[in-house]
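Proteins get letters first, then strands, A, B, ... in listed order; numbering begins at 1 in each. From a predicted model like this one, the values you see are computed outputs, not experimental measurements.
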There are 2 protein chains.
Amino acid sequence: MSKSEGSVAEAAPTSERQCCPPIAQQRVDAATAADLAIAFKALGDPVRLQLMSMIASAPGGEICVCDLTPAFEISGSTISHHLKTLREAGLVDARRRASWVYYRPRPALMRQLSALLDPGA
Amino acid sequence: MSKSEGSVAEAAPTSERQCCPPIAQQRVDAATAADLAIAFKALGDPVRLQLMSMIASAPGGEICVCDLTPAFEISGSTISHHLKTLREAGLVDARRRASWVYYRPRPALMRQLSALLDPGA
DNA sequence: CGTCGAGCTTGACATCTATCGAAACCGTGT
DNA sequence: ACACGGTTTCGATAGATGTCAAGCTCGACG
């Protein structure tokens, strides 16, 4: 299974599901829950949540792995593994430039999750 | 370690952390990430996400466990275990009335998570 | 006071996950 | 062509997690 280019986002879980109303307003069905739980699970690790915040708040909209790795005590391969999880969840996108790989956020899913948790009034 | 009453919310992870700016605007520090990752992890299971949505969208602001359990194929003890996870994450609150236990959402944390993921503009 | 039903807790088990080191991969520069 | 540094993948392992069955607790109601 070779993935040739770096800009492809490994595809969000199933199909791009429509943006759902907040859970405070309407129940999510099982399929949607299974879908979105993948994204929440990806954020459910301290390292990944920090990685996500570093990527999302990166000035210029992107950040190099070489700037992410030294911020943690864990090995580079583990960082890479966490980044893959975020990628597969559809939360970030990776792109190679020269020798370095840059990550950028995917605001669409972030917005969807944010809207989902909005308690409304 | 006995917890005697049902209305206490098992306490949010550490202390009630201040509402943080969106991750798109500022990095979260390790302690905050560890804290909030617990909540995201709690939502990172399809069953729990559905439970959360059923609780958050319950008319009257609360819902009986007896209305939650039959919506799934899994055993009651597993439902109870998932509800405990949501409780310990600070996402829901349980209260016993007569023979039944009712769950209600805790909007504060939901709002915090929602704001955290807001990509802003 | 004894029993019944609704939920919770405990113990056990199979699966998943976070982590590491080693090896492979892929541009760059010599 | 070769070696180098950054990143990912692979294989292995300890620990966490989802699930169930069985036992327990707490009110309600005879």
Toward the 5' end of DNA chain C, by each residue's nearest nucleotide, T78(A) or Y103(B): Y103(B)
Side-chain N,O (H82(B)) to OP1/OP2 (dT17(D)) below 4.0 Å: no
Contact under 4.0 Å: S99(A) side-chain N or O vs dG27(C) OP1/OP2: no
Whole-Å gap separating P (dC8(C)) and CD (E88(B)): 12 Å
Verdict with supporting geometry, T32(A) and D29(A), side chain to side chain donor-acceptor pair (under 3.5 Å): CA-CA 5 Å; T32(A) 305; D29(A) 60 291; 2.6 Å; yes
hbond_proxy S77(A) side chain to dG21(C) base (donor-acceptor, 3.5 Å cutoff): yes
salt_bridge(R106(A), D93(A)) N-O dist < 4.0 Å: yes
Side chain to side chain donor-acceptor pair (under 3.5 Å) between R95(B) and Y103(B), intermediate numbers included: CA-CA 6 Å; R95(B) 162 171 337 199; Y103(B) 278 76; over 6 Å; no
K41(B) side chain near dT17(D) phosphate (N/O to OP1/OP2, under 4.0 Å): yes
Short side-chain N/O contact to dC20(D) OP1/OP2 from S75(B), under 4.0 Å: yes
Interatomic distance where CG belongs to L51(B) and P belongs to dG18(D) [whole Å]: 12 Å
Short side-chain N/O contact from Y102(B) to OP1 or OP2 of dA6(C), under 4.0 Å: no
Under-4.0 Å side-chain N/O to phosphate OP1/OP2 contact, R96(B) with dC8(C): no
Whole angstrom value for the distance that separates P of dT19(D) from CD1 of I74(B): 5 Å
Separation of atom CD1 in I38(B) from atom P in dA16(D), rounded to whole Å: 13 Å
Comparing H81(A) and W100(A) on DNA chain D - which has the more 5′ nearest nucleotide: W100(A)
For atom CG of L86(B) and atom C1' of dC8(C), their distance in whole Å: 15 Å
Sugar-phosphate, base or nothing in reach of R97(B), heavy atoms under 4.0 Å: nothing
Validation row: M110(A), I23(B) side chains within 4.5 angstrom (heavy atoms): yes
Between dC20(C) (P) and F72(A) (CZ): distance, integer Å: 12 Å
Value in whole Å for how far the C1' atom of dG7(C) lies from CD1 of I79(B): 12 Å
Side chain to side chain donor-acceptor pair (under 3.5 Å) assessment of S75(A) paired with T78(A): CA-CA 5 Å; S75(A) 74; T78(A) 302; 3.0 Å; yes
Side-chain N or O of K84(A) closer than 4.0 Å to phosphate OP1/OP2 of dT7(D): no
Separation of dA6(C) C1' from R95(B) CZ (nearest whole Å): 18 Å
